[in-house]
Number of protein chains: 2
Amino acid sequence: MDIDAKELFSALSHDIRLRCIILLLSHDELCVCEVTYAIGVAQPKISLSLGQLRKIGLVKDRREGLWIHYHINPDLPLWVKELLYKLHQGVKNAAPYINDETVVAAMPNRPGAPRCA
Amino acid sequence: MDIDAKELFSALSHDIRLRCIILLLSHDELCVCEVTYAIGVAQPKISLSLGQLRKIGLVKDRREGLWIHYHINPDLPLWVKELLYKLHQGVKNAAPYINDETVVAAMPNRPGAPRCA
DNA sequence: TGATTATATTCAAAAAAATATATATTCAAT
DNA sequence: ATTGAATATATATTTTTTTGAATATAATCA
């Protein structure tokens with residue numbers, strides 16, 4: 001697994017994509033409906049964002065029936081994982097990220113139980 | 001000192017700006033002519049890139065006679081410094097960054113002695 | 001003062017990216 | 001098969017960013 005630094009940063013330089021990544025960084029995985037609910041924008045926009053993140057290898061998806069679950073690609077180079085960890089650590093308690101977290105935690109009828117911390 | 005994550009990543013999602021930052025991460029400071037020499041593109045392009053990095057607070061400059069020396073802003077939030085450190089660690093030995101380093105190290109008539117490691 | 005060196009800014013054109021809307025796909029259940 | 005639910009893709013339009021060339025500024029020195 002290889003990733004280009006410029007592509008990585010292009011991916012992160014977009015509000016919605018950034019919020020998706022921050023959300024995924026605190027969950028083992030989330031399905032599209034959960035991300036959509038958390039961020040509160042139209043579904044095609046979330047799908048597009050997640051698709052772009054997937055295209056450059058930052059995240060992977062897993063289908064389970066109707067749902068598609070996304071997660072951070074575990075095969076990313078170590079430095080990228082560490083960089084993402086620093087990012088998460090740095091912004092997770094600020095708006096809008098912390099709010100996204102609160103919203104998804106309160107989502108009714110989630111496809112699976114909440115997975116991570 | 002505060003910095004917006006999206007702005008940070010926008011700044012880094014550009015070849016020249018990224019090469020500037022990587023260069024500055026391994027030197028206490030570099031003047032515009034050194035960065036220009038290292039990267040090998042037209043001077044106005046380097047000035048513009050450094051100016052953009054300065055505008056969002058990622059770097060600062062210091063005038064010394066005709067030269068303007070740039071350095072990473074020491075007042076960045078810790079998480080940003082750590083993130084940049086991970087980035088540097090991750091890419092410094094890859095092209096084109098390692099080559100930029102070699103080129104600047106061999107530059108004749110540098111304004112000051114090489115400063116860092 | 002005038003020339004020179006180092007750096008910065010401006011501006012129009014080109015390229016790239018984002019947006020919104022509409023539509024398509026995929027799967028499951030009836 | 002038809003329906004409905006979850007997700008994905010396509011397209012046209014708008015907005016933002018990048019580029020290159022020309023020009024401007026700022027400091028030094030003769």
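Only this structure's heavy atoms are used, side chains among them; waters, hydrogens and symmetry mates stay out. In what follows, chains are A, B, ... by sequence order, proteins preceding strands, each numbered from 1.
Across all strands, B:G65 comes closer than 4.0 Å only to sugar-phosphate atoms, never to a base (heavy-atom distances).
Scored by the side-chain hydrogen bond (donor to acceptor under 3.5 Å, both in side chains) test, A:S13 finds no partners at all (sequence neighbours excluded). Here A:D75 pairs with nothing under the salt bridge (Lys or Arg N to Asp or Glu O under 4.0 Å) rule; sequence neighbours left out.
In this structure, CG of B:D61 is placed 13 Å from C1' of D:dA26, rounded to the nearest angstrom. Between B:I46 atom CD1 and D:dG20 atom C1' there is a gap of 14 Å when expressed in whole angstrom units. Rounded to whole Å, the distance from CD1 on B:I68 to C1' on D:dT28 is 14 Å. Computed from coordinates, the A:D15 CG to C:dA17 P distance equals 16 Å when rounded to whole Å. Here C:dA17 presents its P atom at 10 Å from CD of A:E7, a figure rounded to the nearest Å. The distance from atom CD of B:E29 to atom C1' of C:dA6 is 16 Å, rounded to the nearest whole Å. Distance CD (A:E64) to P (D:dA5): 19 Å, rounded to an integer number of Å.
The backbone N or O of B:G57 sits less than 3.5 Å from a side-chain atom of B:N73, completing a donor-acceptor pair. Formation of a donor-acceptor pair under 3.5 Å by the B:R19 side chain with backbone atoms of B:I21 is not found in this model. Between the side chain of A:R17 and the backbone N or O of A:S10, at least one donor-acceptor pair lies under 3.5 Å.
Taking a cutoff of 4.0 Å between a charged side-chain nitrogen and a carboxylate oxygen, B:E101 and B:K92 do not qualify as a salt bridge.
Between A:K6 and B:L50, it is B:L50 whose nearest contact on DNA chain C lies nearer the 5' terminus.
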Protein heavy-atom contacts under 4.0 Å, written 5' to 3' over nucleotides 18-26 of chain C as B (base), S (sugar-phosphate only) or - (none), form the string SBS-B----

